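Keep in mind that this is a model prediction, so the values were computed, not measured.
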Amino acid sequence: MNSTQTLQQMHGLRLQGMYQAYRSQLELPMNQQLESHELIAHLIQSEELNRANEKTAYYLKLAKLRLPATLEQIECGASRNLSKQQLATLAEGLYLSNGENILITGATGCGKSFMACALGHQACLQGYKTTYLNMNRIPSANPVISE
């Protein structure tokens with residue numbers, strides 16, 4: 001089997017990470033190409049990374065975050081009642097694995113939605129499915145029945 005057939009099979013099996021990594025290896029001079037066992041490890045790592053990136057991109061698309069925010073963009077300080085330590089704790093995502101909720105409060109325009117989107121983005125990076133809903137879209141626990 002030649003390299004062209006191998007590339008076609010990788011493409012046909014949707015192994016895009018392996019496909020790209022193998023193609024880039026074939027473009028290198030022979031003395032710079034990896035040995036067989038190193039090449040296999042490199043191809044598998046590339047495929048794993050590609051799949052993780054695709055999964056994250058899919059989760060971010062599903063989340064429908066209103067703002068393109070990340071935790072690195074959040075400003076901490078006494079005026080916002082948020083310390084860098086508190087933000088670092090939220091970034092770890094332990095509240096997600098423990099099934100805990102976060103309530104973000106503050107005046108209009110203080111950055112509540114921005115912070116929620118940043119936390120949603122971080123959750124997607126950690127492999128959690130996320131959905132952004134504002135209060136108008138959250139169903140009421142006690143529906144109002146009018147006569």
Is the shortest heavy-atom distance from the side chain of [X] to the side chain of [Y] under 4.5 Å?
X    : Y    : value
L71  : M115 : no
C124 : Y58  : no
K84  : L87  : no
L94  : E100 : no
T6   : T4   : no
L60  : T130 : no
L96  : Q126 : yes
S46  : M18  : no

Please give me the minimum heavy-atom distance between [X] and [Y], naming the atom from each residue.
X   : Y    : result
Y59 : Y128 : CD2-O, 3.6 Å
L43 : M10  : CD1-CE, 4.0 Å
L26 : Q33  : O-NE2, 3.7 Å
L90 : Y95  : O-CE2, 3.4 Å
I74 : L82  : CG2-CD2, 3.8 Å

Please check if atom CD in Q32 has more than 12 non-hydrogen atoms from other residues, nucleotides or ligands closer than 6.0 Å.
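More than 12 heavy atoms, drawn from other residues, nucleotides or ligands, come within 6.0 Å of this atom.
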
Does CG in N53 sit with more than 12 non-hydrogen atoms of other residues, nucleotides or ligands closer than 6.0 Å?
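Enclosed: over 12 neighbouring heavy atoms sit under 6.0 Å from CG of N53.
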
Measure the spacing between [atom1] of [X] and [atom2] of [Y] and express it to the nearest 0.5 Å.
X   : Y    : atom1 : atom2 : answer
L34 : L28  : CG    : CG    : 8.0 Å
K64 : L133 : NZ    : CG    : 9.5 Å
I44 : I40  : CD1   : CD1   : 7.0 Å

Short side-chain to backbone donor-acceptor contact, [X] and [Y], under 3.5 Å:
X    : Y    : answer
K112 : G106 : yes
R80  : C110 : yes
Q86  : S83  : yes
E27  : S24  : no
Q5   : N2   : yes

What residues form a side-chain contact (heavy atoms from CB on, under 4.5 Å) with [X], not counting sequence neighbours?
X   : result
Q16 : H11, Y19, N50
L67 : S113, F114, C117
E35 : H37, E38

R51 and side-chain hydrogen bond (donor to acceptor under 3.5 Å, both in side chains): which single residue from E48, E47, E54 fits?
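For R51, the side-chain hydrogen bond (donor to acceptor under 3.5 Å, both in side chains) test succeeds with only one of E48, E47, E54, which is E47.
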
